[in-house]
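All remarks here apply to the structure that follows.
Keep in mind the model is a prediction, meaning the values are calculated, not measured. Because only heavy atoms are used, hydrogens play no part in the values below, and waters and symmetry mates are left out as well, while side chains stay in.
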Amino acid sequence: MVRGKIEMKKIENATSRQVTFSKRRNGLLKKAYELSVLCDAQVSLIVFSQRGRLYEFSNTDMWKTIERYRKYTKDHETSNHDSEIYVQQLKEEASHMITKIELLEFHKRKLLGQELASSSLEELQEIDSQLQRSLGKVRARKAQLFREQLEKLKAKEKQLLEENLRLHQKTVIDPWGGLVNQQEKFRVIDLNLEVETDLVIGLPEKHCK
């Protein structure tokens, strides 16, 4: 015989309700015991009947389990509270940053000459002063870059002039030096040259007839 599906609602008949309570209570206590043994879990079960009667099961000291539960829930609540505070701080910081970005964007548009209709005379004077200071900084930086480039060009020019002078001195020949070298060349040729002659060095010989 197939059991019908029980509708999950309060049993109106008191006798049936009591019978069901007794059966399911015993089954629940049995399941708690099995869970503690099979899984080595710390299990505590407290049940109060409709008439206020207490039924309980615990594989360890019940009060230690309750204290452990209280500590866990307290720490968990504290952790959740700290997390909520941190999230709230992040939201406030994000909102503050958004406000600052919007203000900077608005100020930037005014510096670009946009949305000036609502600006007062003091605001326009402040914008003019800021633009003048910015322009001065731009011109100073531009002049500095020009000076640096000019110094580099002067150094390059000096290097090229020195190189040109060195090459010029290397290629130009001294005419006097060339003449001396030519004379030395001829002298060497004369010393190495052998010439046959009839000249005799010494007293002349007397020939007898």
Side-chain angles (χ1 to χ4, degrees), residues 8-10 28 31-32 35-36 38-48 58-178:
M8 297 304 298
K9 68 176 184 177
K10 180 180 177 181
L28 181 61
K31 292 294 183 182
L35 180 63
S36 65
L38 295 176
C39 302
D40 193 24
Q42 184 177 355
V43 180
S44 294
L45 176 63
I46 299 175
V47 179
F48 286 96
S58 180
N59 63 334
T60 59
D61 185 82
M62 176 67 74
W63 290 107
K64 290 183 179 180
T65 304
I66 293 174
E67 288 298 325
R68 182 179 179 182
Y69 171 77
R70 288 177 177 175
K71 184 177 184 303
Y72 176 81
T73 55
K74 182 179 179 181
D75 295 341
H76 190 65
E77 290 176 357
T78 302
S79 178
N80 289 339
H81 182 66
D82 294 340
S83 299
E84 291 176 359
I85 294 176
Y86 179 68
V87 171
Q88 185 64 28
Q89 290 177 350
L90 290 179
K91 289 181 179 180
E92 292 177 357
E93 291 179 1
S95 178
H96 182 64
M97 290 299 297
I98 292 174
T99 303
K100 289 181 64 176
I101 291 173
E102 291 177 351
L103 183 61
L104 290 174
E105 289 290 338
F106 180 71
H107 189 65
K108 175 184 176 182
R109 289 194 295 270
K110 285 194 173 184
L111 289 176
L112 294 175
Q114 303 173 3
E115 301 181 8
L116 297 177
S118 60
S119 301
S120 62
L121 179 60
E122 290 77 8
E123 291 177 345
L124 293 175
Q125 290 176 346
E126 179 63 24
I127 293 173
D128 182 69
S129 300
Q130 291 180 359
L131 291 174
Q132 291 297 330
R133 289 193 295 268
S134 299
L135 183 60
K137 292 179 180 179
V138 171
R139 289 175 176 173
R141 178 57 179 168
K142 182 179 178 181
Q144 180 182 359
L145 292 177
F146 279 151
R147 287 194 298 269
E148 292 176 357
Q149 292 181 358
L150 182 61
E151 292 296 330
K152 291 180 180 179
L153 291 175
K154 287 182 178 179
K156 186 67 175 179
E157 180 185 11
K158 182 179 179 181
Q159 181 181 0
L160 292 175
L161 289 175
E162 292 175 353
E163 182 69 16
N164 188 27
L165 179 61
R166 185 179 64 82
L167 294 175
H168 181 71
Q169 292 175 351
K170 185 176 181 181
T171 54
V172 174
I173 301 176
D174 185 2
W176 296 103

Given side-chain contact (heavy atoms from CB on, under 4.5 Å), test His96 with Lys100 step by step and report yes or no. CA-CA 6 Å; His96 182 64; Lys100 289 181 64 176; 3.6 Å; yes
Would you sort out whether Arg166 and Glu163 count as a salt bridge (charged side-chain N to carboxylate O under 4.0 Å, His left out), showing the intermediate values? CA-CA 5 Å; Arg166 185 179 64 82; Glu163 182 69 16; 2.5 Å; yes
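Atom CG of Leu150 is separated from atom CG of Leu145 by 12.5 Å, given to the nearest 0.5 angstrom. Rounding to the nearest 0.5 angstrom, the gap separating the CD atom in Glu123 from the NZ atom in Lys110 is 4.0 Å. Interatomic distance, Ile46 CD1 to Ile66 CD1, rounded to the nearest 0.5 Å: 4.5 Å. The distance from atom NZ of Lys170 to atom CG of Leu165, rounded to the nearest 0.5 Å, is 13.5 Å. With values rounded to the nearest 0.5 angstrom, Leu104 atom CG is found 8.5 Å from Met97 atom CE. For the atom pair CG (Leu45) and OG1 (Thr65), the distance works out to 11.5 Å, reported to the nearest 0.5 Å.
For residues 134-143, the pairs satisfying side chain to side chain donor-acceptor pair (under 3.5 Å) are Arg141-Gln144, with sequence neighbours left out.
Between the side chain of Asn59 and the main chain of Ala41, a donor-acceptor pair closer than 3.5 Å is present. Checking side-chain atoms of Glu162 against main-chain N and O of Gln159 turns up no donor-acceptor pair under 3.5 Å. No donor-acceptor pair under 3.5 Å is formed between the side chain of Ser95 and the backbone N or O of Lys91.
Taking the charged nitrogens against the carboxylate oxygens, Glu157 and Lys154 have no contact shorter than 4.0 Å, which rules out a salt bridge.
Remark: the Gln130 side chain and the Glu126 side chain contain an N/O donor-acceptor pair separated by less than 3.5 Å.
With contacts defined as side-chain heavy-atom distances shorter than 4.5 Å, the pair Val43/Thr60 does not qualify.
Heavy-atom neighbours of Arg68 CZ from other residues, nucleotides or ligands within 6.0 Å: at or below the threshold of 12. The neighbour count for Arg133 CZ, taken as heavy atoms of other residues, nucleotides or ligands under 6.0 Å away, is above 12.
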